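Keep in mind it's a predicted model, so treat the numbers as computed, not measured.
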Amino acid sequence: MKQYIVDAFTDHVFSGNPAAVCIMEHWLGDDLLQSIAKENNLSETAFAVKEGGSYHLRWFTPGGEIDLCGHATLATSFVILSFYEKGSRKVDFNTKSGILTVVRNDDMYEMTFPAYTLKETAVTDAMAEAFGVRPIEAWMGRDLLCVFEDEFVVRHMKPDFKKLMALDGLLQHATAKGKGFDCVSRSFAPKLLVSEDPVCGSGHCHIVPYWCKATGKDHLTAYQASARGGILYCRTDGDHVFLSGKAVLFAVSELMID
């Protein structure tokens, strides 16, 4: 089975967020899909099967299947529109989070995602201990979103991953207002056996609604301040978040699976 490694939310390799992508003729067993994801040991491995005019898409972390992933959706779109549907500019995915549409405009891919509803929650000592610095605000959606005083804190924090695992939320995101960008963030996923997700699309389905409301803007340029780094071009419209980014192919391999 062929597998592609794509760096998403970047225009050059060794940056952005790498995802493995497998476009299959039919579904393999869930245990095998999970084993492939563990073997890859990337934050996400995406599996897609064409069903009618769209693709059924699933995402697996080393720690299990997840309900929404941005960078692996971008990577899968890049692979499909570059190698499988070369005459198309759009691809629809049937996923655990509903129908997701991705449109290619030159070298940019715009993804239509659902926005998470955020509810403000109390800032706790446990949050301060886990992140190593006390947030000024905390919000809950699928994930925990913590807002900090300035981007320096976010860029240089060294969280305690064991303590992050004890916090609410599937992932834990740290964000602050940016100087060169509208916002700066980092995303941590120790519950999924991923210490830090280099560039997290589903995390920005929390981050973008927060900052759009806080700034009064409906278009944002967001920077994920991981060691690899990545840029997301974002906008909101009602209960949807639109995330755009670039992608680049790193490798194509053949999986030796019986």
Minimum heavy-atom distance between Q3 and L255, given as atom pair plus value: OE1-CD1, 3.6 Å

According to a 4.5 Å side-chain heavy-atom criterion applied to Ile, Leu, Val, Met, Phe, Trp and Tyr, with indirect links allowed, do V199 and I66 form part of one hydrophobic cluster? yes

Sub-4.5 Å side-chain heavy-atom contact between H206 and L118: yes

Separation between CG (L42) and OG1 (T61), nearest 0.5 Å, reads 11.0 Å

Output, in order, the C-alpha distance, side-chain angles, deciding distance and verdict of side chain to side chain contact (heavy atoms under 4.5 Å, CB included) for Y233 and E110. CA-CA 9 Å; Y233 304 92; E110 184 180 70; over 6 Å; no

Min side-chain heavy-atom separation L232-V208 under 4.5 Å: no

Give a yes or no on whether F152 atom CZ has more than 12 heavy-atom contacts from other residues, nucleotides or ligands under 6.0 Å away. no

Spatial distance of atom CG (L28) from atom CE (M1) [nearest 0.5 Å]: 5.5 Å

Show the numbers, then the answer: is there a side chain to side chain contact (heavy atoms under 4.5 Å, CB included) between T76 and V91? CA-CA 10 Å; T76 305; V91 58; over 6 Å; no

What are the two closest heavy atoms between V184 and G178, and how far apart are they? CG2-CA, 4.0 Å

Within the 3.5 Å criterion, strictly below it, is a donor on T236 or D218 matched to an acceptor on the partner's side chain? no

If hydrophobic clusters are built by linking Ile, Leu, Val, Met, Phe, Trp and Tyr wherever their side-chain heavy atoms come under 4.5 Å apart, do F83 and V102 end up in the same one? yes

Is there a donor-acceptor contact under 3.5 Å linking the side chains of T73 and W59? yes

Got a second to check how far I99's CD1 is from L57's CG, nearest 0.5 Å? 10.5 Å

Salt-bridged, R104 to E85, with N to O below 4.0 Å? no

What closest approach, in Å, do L167 and A130 show between heavy atoms, and which atom pair accounts for it? CD1-CB, 3.8 Å

Same apolar cluster: L33 and V49, side chain cutoff 4.5 Å: yes

Check the side chains of N94 and S54 for a donor-acceptor pair under 3.5 angstrom, ignoring hydrogens and angles. no

Does any non-hydrogen side-chain atom of V194 lie less than 4.5 Å from one of P62? yes

Looking only at atom types and distance, does a side-chain atom of K191 sit under 3.5 Å from a main-chain N or O of G169, one as donor and one as acceptor? yes

So does V153 get a backbone contact from the side chain of D150, meaning a donor-acceptor N/O pair under 3.5 Å? yes

Side chains of E151 and Y223, donor plus acceptor under 3.5 Å: no

If you define the side chain from C-beta out and look only at heavy atoms, does anything of S185 sit under 4.5 Å from V154? no

Start with the C-alpha distance between Q224 and N17, add both sets of side-chain angles, then the distance that settles side chain to side chain donor-acceptor pair (under 3.5 Å), and finish with yes or no. CA-CA 10 Å; Q224 192 100 52; N17 199 352; over 6 Å; no

From D7 atom CG to H12 atom NE2, the distance as rounded to the nearest 0.5 Å: 9.0 Å

Run the side chain to side chain contact (heavy atoms under 4.5 Å, CB included) check on L81 and R89 step by step: do they pass? CA-CA 7 Å; L81 295 177; R89 291 182 53 252; 6.0 Å; no

Closest approach of F242 and D237, non-hydrogen atoms and distance? CE1-CB, 3.6 Å

Hey, does the side chain of D106 reach the backbone of M108 with a donor-acceptor pair shorter than 3.5 angstrom? no

With side chains defined as the heavy atoms from C-beta onward, is the minimum distance between P135 and V147 less than 4.5 Å? no

Answer yes or no: is there a side-chain heavy-atom contact under 4.5 Å between L192 and D197? no

Pair R186 + E196, salt bridge at N-O below 4.0 Å: yes

Any non-hydrogen side-chain atom of W27 less than 4.5 Å from a side-chain atom of E51? yes

Do the side chains of S77 and F93 get nearer than 4.5 Å, heavy atoms only? yes

Do the side chains of F78 and V248 join up, straight or via other hydrophobic residues, at under 4.5 Å, putting them in one cluster? no

Transitive ILVMFWY side-chain link F9 to L68, under 4.5 Å: yes

Examine the side chains of S202 and R142 and answer whether a donor and an acceptor come within less than 3.5 Å of each other. yes

S88 side chain to K90 main-chain N or O, any donor-acceptor pair under 3.5 Å? no

When you measure from the side chain of E120 to the backbone of M140, do you find a donor-acceptor pair of N or O atoms at a distance under 3.5 Å? no

Partner of Y210 under side chain to side chain donor-acceptor pair (under 3.5 Å), chosen from H173, E137, H204: E137

Looking at CD1 of I207 and SG of C200, how far apart are the two atoms once the value is rounded to the nearest 0.5 Å? 7.0 Å

What distance separates T10 OG1 from L74 CG, expressed to the nearest 0.5 Å? 10.5 Å

Can any side-chain N or O of T221 pair as donor or acceptor with the backbone N or O of F181 at less than 3.5 Å? no

Ring-face cation of R58 near F47 (centre distance under 6.0 Å, axis angle within 45°): no

So I36 and I257, side chain to side chain contact (heavy atoms under 4.5 Å, CB included) or not? Walk me through it. CA-CA 10 Å; I36 294 170; I257 299 171; 3.5 Å; yes

Identify the two heavy atoms, one from V123 and one from M127, that lie closest to each other, and give their separation to 0.1 Å. CA-SD, 3.9 Å

For the residue pair F131 and F148, is the inter-centroid distance of their aromatic rings smaller than 6.0 Å? yes

What are the two closest non-hydrogen atoms of A174 and F188, and how far apart are they? CB-CE1, 4.4 Å

Begin from the C-alpha positions of Y84 and Y55 and carry the test ring pair (Phe, Tyr, Trp, His ring centres under 6.0 Å) through to its verdict. CA-CA 11 Å; Y84 292 84; Y55 285 81; 7.5 Å; no

